[in-house]
Amino acid sequence: IFIGSLDGNVYSFGLGHAAAPVAASQCPHSWSCQDIGLPKVDGRESFANGAWSISGNGTGFADVTDQFRFVSQDVSGDTQIASSIGLQGLPNMQSEAGVMLRQNNAQGSPFYAAFFSASKGVVVRYRTAFNGAISTFTASDITRQLSPRYVAIQRTEDVFRAAASSDGKHYLLLPGSTATIVMPTKLMGGLAVSSGINGSLASSKFTDVSIGTPTFTPVVPASVNACPRGWSCSDVGNPQLVGDQIAANGTWTVQGEGKDIWLANDQFHFIWQPLASKNGTVSAHVVFQTKLTAWQRLVSCCVRVWAAT
């Protein structure tokens, strides 16, 4: 069991209370098909012509009380899971289907997942410690812009992130989806379905399923306004709200969001130019800045850059 960190955050992981996976006769070789959290109705699945049809029961994903159907393989190290997902038989609007990386099959195990929700579009959920709270955010802007059919999650060491795509080829990084979760090298990776109601089944179809090492880098969402010529403009640390900038008459109006610029997890909107040499100077006059009323809000400021040498 480990508790602690070197980056200012507190992480914990241990053995948990995993149950031995229940073998399902219809589960293909090298896959494990099981219910997590003892839902009232057993889930089921079939595989034909490269497509999975999975029916899952359970209340879904909440603090300590996960209930869903999980079809998974053992994975190790840096991992990517991608699939096209179609929600079909839905008992209510809380039904969800998606891709997941999970430490084990304990009901309160740490995990990271991206789902299609019947009511919310693309949703990312994760738990960083056994029986800990679940973090959730809804990618409503991406859902409206892309009408995505595909979702993907990636693990690189202890960093997890999610992406969505309308064609399965060009993936857009989901703003705010990046999370640091300390889990063992070997995990369970696969497909998850929950009905949102304990006692009813929800059905989903998964096609173009791929599980392996990361094969692409998702595109970072662009700002609303173009970056002026000669400058670079982008978010650092994948904050939940995409930053923006406008340059006019020598004045920059910049919008940025993020948790902080601190320790190993910076999040902010950055506008920069390369320095001509190792030594350089940057000076600016901050004209105004909006006052924040919460930790994670979009902030605007105006800056006049006097010199960048």
Side-chain angles (χ1 to χ4, degrees), residues 16-28 31-48 51-73 81 83-140 143 149 151 153 162 187-207 209:
H17 301 288
V22 178
S25 59
Q26 74 275 17
C27 203
W31 290 83
S32 174
C33 305
Q34 60 186 301
D35 288 320
I36 304 294
L38 300 175
K40 293 180 180 178
V41 179
D42 292 342
R44 56 180 181 264
E45 56 282 314
S46 62
F47 181 77
W52 283 95
S53 294
I54 303 175
S55 296
N57 181 217
T59 53
F61 306 90
D63 295 349
V64 191
T65 57
D66 298 348
Q67 278 191 329
F68 64 101
R69 186 67 172 179
F70 195 29
V71 177
S72 65
Q73 291 182 325
I81 306 176
S83 179
S84 172
I85 302 173
L87 296 170
Q88 297 174 327
L90 304 178
N92 71 48
M93 296 303 291
Q94 303 306 312
S95 300
E96 294 182 344
V99 293
M100 174 182 287
L101 284 163
R102 191 175 184 91
Q103 183 160 339
N104 62 31
N105 64 353
Q107 190 173 12
S109 170
F111 73 89
Y112 184 92
F115 298 99
F116 279 112
S117 166
S119 61
K120 300 176 182 178
V122 180
V123 177
V124 174
R125 303 186 191 277
Y126 59 89
R127 180 189 288 121
T128 61
F130 278 99
N131 302 326
I134 286 181
S135 297
T136 300
F137 85 89
T138 303
S140 54
T143 300
R149 295 174 47 242
V151 291
I153 57 175
L187 300 177
M188 305 170 71
L191 316 173
V193 177
S194 72
S195 63
I197 298 177
N198 194 4
S200 300
L201 289 172
S203 299
S204 295
K205 187 174 183 179
F206 296 80
T207 58
V209 177

(message) Using the ring pair (Phe, Tyr, Trp, His ring centres under 6.0 Å) criterion, which residues pair with Phe115? Sequence neighbours excluded.
(response)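 Phe115: ring pair (Phe, Tyr, Trp, His ring centres under 6.0 Å) contacts with Phe61.
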
(request) Kindly write out the residues that satisfy side chain to side chain contact (heavy atoms under 4.5 Å, CB included) with Ser46, not counting sequence neighbours, or none if the list is empty. (result)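 Ser46 satisfies side chain to side chain contact (heavy atoms under 4.5 Å, CB included) with Ser53 only.
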
(request) Please list, chain by chain and in numerical order, all residues satisfying side chain to side chain contact (heavy atoms under 4.5 Å, CB included) with Ala51, sequence neighbours excluded. (result)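 Only Lys205, Thr207 meet the side chain to side chain contact (heavy atoms under 4.5 Å, CB included) criterion with Ala51.
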
(request) List in chain and number order the residues that pass side chain to side chain donor-acceptor pair (under 3.5 Å) with Ser55, two or more places apart in sequence or in another chain; answer none if no residue qualifies. (result)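 Expected list: Ser203.
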
(request) Kindly write out the residues that satisfy side chain to side chain donor-acceptor pair (under 3.5 Å) with Gln67, not counting sequence neighbours, or none if the list is empty. (result)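 Result, side chain to side chain donor-acceptor pair (under 3.5 Å) vs Gln67: Thr59, Asn198.
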
In Å, rounded to the nearest 0.5 Å, how long is the span from [atom1] of [X] to [atom2] of [Y]?
X: Ile54; Y: Ser204; atom1: CD1; atom2: OG; answer: 7.5 Å
X: Phe68; Y: Ile36; atom1: CZ; atom2: CD1; answer: 4.5 Å
X: Leu191; Y: Trp31; atom1: CG; atom2: CH2; answer: 5.0 Å
X: Asn105; Y: Ser72; atom1: CG; atom2: OG; answer: 8.5 Å
X: Leu187; Y: Phe111; atom1: CG; atom2: CZ; answer: 13.0 Å
X: Gln107; Y: Thr65; atom1: CD; atom2: OG1; answer: 6.0 Å

Answer yes or no: is there a donor N or O on one side and an acceptor on the other, between the side chain of [X] and the main chain of [Y], under 3.5 Å?
X: Arg102; Y: Met188; result: no
X: Ser83; Y: Ile85; result: no
X: Ser195; Y: Ser200; result: yes

Ignoring hydrogens, what is the shortest heavy-atom contact between [X] and [Y]? Give both atom names and the distance.
X: Tyr112; Y: Ala162; value: OH-N, 3.2 Å
X: Glu45; Y: Cys33; value: OE2-CB, 3.3 Å
X: Ser117; Y: Met93; value: OG-O, 4.2 Å
X: Gln34; Y: Ser32; value: NE2-OG, 3.1 Å
X: Ala202; Y: Val193; value: O-CG1, 3.6 Å
X: Val151; Y: Ala114; value: CG2-O, 4.1 Å

(request) Taking the side chain as every heavy atom from C-beta outward, state whether Ser194 and Gln94 have any atom pair closer than 4.5 Å. (result)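 In short, these two side chains do not touch, never coming nearer than 4.5 Å.
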
(message) So Asp66 and Ile134, do their side chains get closer than 4.5 Å, heavy atoms only?
(response)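 Answer yes - side chains close enough.
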
(message) Trp52 vs Val209, test: side-chain contact (heavy atoms from CB on, under 4.5 Å). Steps then yes/no.
(response) CA-CA 9 Å; Trp52 283 95; Val209 177; 4.2 Å; yes

(request) I would like to know whether Asn57 and Asp35 meet side-chain contact (heavy atoms from CB on, under 4.5 Å); could you show each step before the answer? (result) CA-CA 8 Å; Asn57 181 217; Asp35 288 320; 5.8 Å; no

Could you pull out all donor-acceptor pairs under 3.5 Å where a side-chain atom in residues 37-44 meets a protein atom, sequence neighbours excluded?
none

(request) Please report the C-alpha distance between Ser84 and Phe206 in whole Å, then the side-chain angles of each, then the deciding distance to 0.1 Å, and finally whether the side-chain contact (heavy atoms from CB on, under 4.5 Å) criterion is met. (result) CA-CA 6 Å; Ser84 172; Phe206 296 80; over 6 Å; no

